[in-house]
> 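Provided herewith is a single structure, encoded as structure tokens, for subsequent inquiry.
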Amino acid sequence: MEVPYIYKLALCNWYGEYSKAVEYAENAEKFVAGARGIFINPVFYFHQSIALAEAYVEADTATQVIYLHKLNANLEKFQQWAMHCPTNYQHKFLLIQAEIARISKQDYQAMELYDKAIASAAENGYLQNEALANELAFRFYWDKDRKNFAKVYFKEARYRYLKWEATGKVRQLDEQYSQLFRDPVGEVNGRSTATKQIRDISGAKTQTLDLSTAIKASQALSSEMELNPLLEKMMTIAIENAGAQMGYLLVKRDNQWVIEAEGSIDRDQVTVRSSSLFQVKHKLPVLLINYVERTKENLVLDDASHAERFVSDNYIVANQPKSILCLPFSHQGKLTGVLYLENNLTTGVFTADRLEVLNLLTSQVSISIENARLYTNLHIYSQELEISETQAREKAKQLEHTLDELKLTQSQMVQSEKMSSLGQLVAGVAHEINNPVSFIYGNLTYVNNYVKDLMSLVQLYQQQNQNLPPQVQNEIDAIDLDFLMEDLPKLLASMQVGTDRIRQIVLSLRNFSRLDEADVKAVNIHEGIDSTLMILQNRLKPQPDSPGIQVIQEYGNLPPVECYPGQLNQVFMNLLANAIDSLEEFNEHRTYADIALQPSIITIRTTVEGNLAVIRIADNGSGISENVRSQLFTPFFTTKAVGKGTGLGLSISYQIVTKKHRGKLECVSVLGQGAEFIVSIPLKARLVPQGGIKN
């Protein structure tokens, strides 16, 4: 098949040039027999169907008969494909059905089919076809002069095209319908909404990139044990990610501020040296450093030369700097250092997003510096003891033990802070969503009753007044009263289902975060597992290259278990996410047919054994070797590729189960037969206090 024809056919459909699209389809159809069994074949038939349906109205009667015949033939093809692979073809089948219903004047069927096509495309990740289906639904309602419905689909289509980054298509819609829908294409501070939304999407990508950079930077810092290389890395990372021109790291030593490292993007280097702040007052604003030391709070100046609080500082008077960021960091509640960054080219450089990334790094910086200092001091001390070989060996053992404890403590602190931030974020989002959804959900019942009453009143009025005034009868015809009375209860019912679904998701998020249950509580373990599965649901659903992962829940009759619910949910999240990772890695080497023949399965079983609650989470993946299994719960050990795993999940889970709950976490596995993790915790346990894990 001539691929350029297919490309031109699809492009004409996107831009609404349907007569040209039909011409390209006719040229491509000559070669269609040679494309059987490859992906281009369904692409051609899908876009040919859209072009024929949209060009149908302008065609003569004889041509319409030909078009309709081809559409029905294509529909049969997609029906077969959708039966075998609904992920790829169900939404296309539904959209072609909707178009045939439209040109056949079956309006109600067309409405329902458009909505189903949109939902199927969204569920299976076909963003471009979701946008197209919304656009076609918009044109359908617009032609029916139902402008309120049309506006909804127009906005949805426009948003999906923006998300797909089809900016040319968005501009076309804005130009074509600018007089019809002023809201979507209005001006915001002199710039179009389209530009603003595109930048919002770009900003979201930048934020994700910054977070990824922060995680990689954190790993780089945690792996460095020597002080000078650590300081060089830290300053380089801070300057590059914050957008600074230069920066200084100040550390409190003997009750005096000392510059440990300084870097400059102009010189493209970082210098590590110790010099007293009072010896180099001309390099830094001392008033500002002292202020941060007193308040222990971040200080951001968008234009330091106009900051009234610090205009008297000698450095600021002399240098007139623009953007300044001063970031304190602490260790064990004590202020240990200050990171000073400056940019003299632009005001307002240190944005909230950049500050958030640096805040994520500060706890790691403080821990890493203390570790590096301890390592250096211990190294020097061990050299001093080389005189006595026995003492040196003993000290080396102590050093190794100390470093292991530092790594474990570090992993616990990082994981605890991460989970605390995640819990607060999840609980905050759930709370903010819950209030308006509960309001809508609670009022839908009243709205439904009111609508029924009004409809009954209208029907009674019609029965009592057979001969309605002409004006009333004309208005009834204009608004299509019969259809409205039939469709309105269905709309309300679908709204009820949607809001109920949102409430279920919000409940799952709240159950998972458990911020209101930080203390020991007797809880239903099954609710925690179900909430975790709800959060991971997107990873379990079928994908274009995989039929998805089945979850079998064989729950026993568990009584309420006394535990720390939030931390136990963290264990379930780690174990289930690892099981999904293992199955996805196993499926990379299998075809779709192989996976369908031997589906990926996660089995969750719960039982009571004596005074223990036992939770088994098993998968039928590739299994774990004996060598790997012996190191599973070791901090920082991971078999995943660089950037995909920190080696903390199972280690933290082991600590939570064994130390916090006095239980057991075991792994049973045979290569080629999957793996099973077994969590055993007392139903009523003597738990370790929330303050920390004791050895």
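Only a predicted model underlies this, so the values are computations on that prediction, with no experimental measurement involved. Side chains included, hydrogens not; waters and symmetry mates left out as well; all remaining heavy atoms used.
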> Kindly indicate whether a cation-pi arrangement holds for Lys660 with Tyr564, taking the cut-offs as under 6.0 Å to the six-membered ring centre and within 45° of the axis.
yes
> Given the rule in the side-chain hydrogen bond (donor to acceptor under 3.5 Å, both in side chains) test, do Tyr291 and Glu293 qualify, once you have shown the distances and angles that lead to the verdict?
CA-CA 5 Å; Tyr291 174 81; Glu293 180 184 9; over 6 Å; no
> Give the minimum heavy-atom separation between Cys563 and Ile525, together with the two atoms involved.
SG-CD1, 4.3 Å
> If you define the side chain from C-beta out and look only at heavy atoms, does anything of Asn538 sit under 4.5 Å from Lys541?
yes
> May I ask you to test the Leu299-Phe310 pair for a side-chain heavy-atom distance under 4.5 Å?
yes
> Do Thr347 and Asp302 pass the side-chain hydrogen bond (donor to acceptor under 3.5 Å, both in side chains) test, and can you show the C-alpha distance, the side-chain angles, and the key distance before you say yes or no?
CA-CA 5 Å; Thr347 60; Asp302 291 337; over 6 Å; no
> Specify the closest pair of heavy atoms between Pro565 and Lys521, including all atoms of both residues, with the distance to one decimal.
CG-CB, 4.3 Å
> Determine the minimum heavy-atom distance between Pro328 and Leu335, stating which atoms define it.
CB-CD1, 3.6 Å
> Report yes or no: do Asn344 and Glu342 form a side-chain donor-acceptor pair below 3.5 Å?
yes
> Would you call Ile681 and Val657 a side-chain contact if the rule is heavy atoms closer than 4.5 Å?
yes
> Taking side chain as C-beta onward, heavy atoms only, is Lys664 less than 4.5 Å from Thr658?
no
> Would Ile656 and His661 satisfy side chain to side chain contact (heavy atoms under 4.5 Å, CB included), going step by step from the backbone distance to the final call?
CA-CA 6 Å; Ile656 291 172; His661 291 85; 3.8 Å; yes
> Does the side chain to side chain contact (heavy atoms under 4.5 Å, CB included) test come out yes or no for Asn298 and Phe350, once each step is laid out?
CA-CA 11 Å; Asn298 299 337; Phe350 305 116; over 6 Å; no
> Pair Val338, Cys326 - check side chain to side chain contact (heavy atoms under 4.5 Å, CB included), show working.
CA-CA 7 Å; Val338 169; Cys326 201; 3.3 Å; yes
> Is the ring pair Tyr315/Tyr340 parallel, tilted or perpendicular, if the boundaries are 30 and 60 degrees?
perpendicular
> Any ion pair linking Glu584 and Arg539 (charged N to carboxylate O, less than 4.0 Å)?
yes
> Tell me the closest heavy-atom pair linking Leu576 and Ile617, and the distance in Å.
CD2-CG2, 3.8 Å
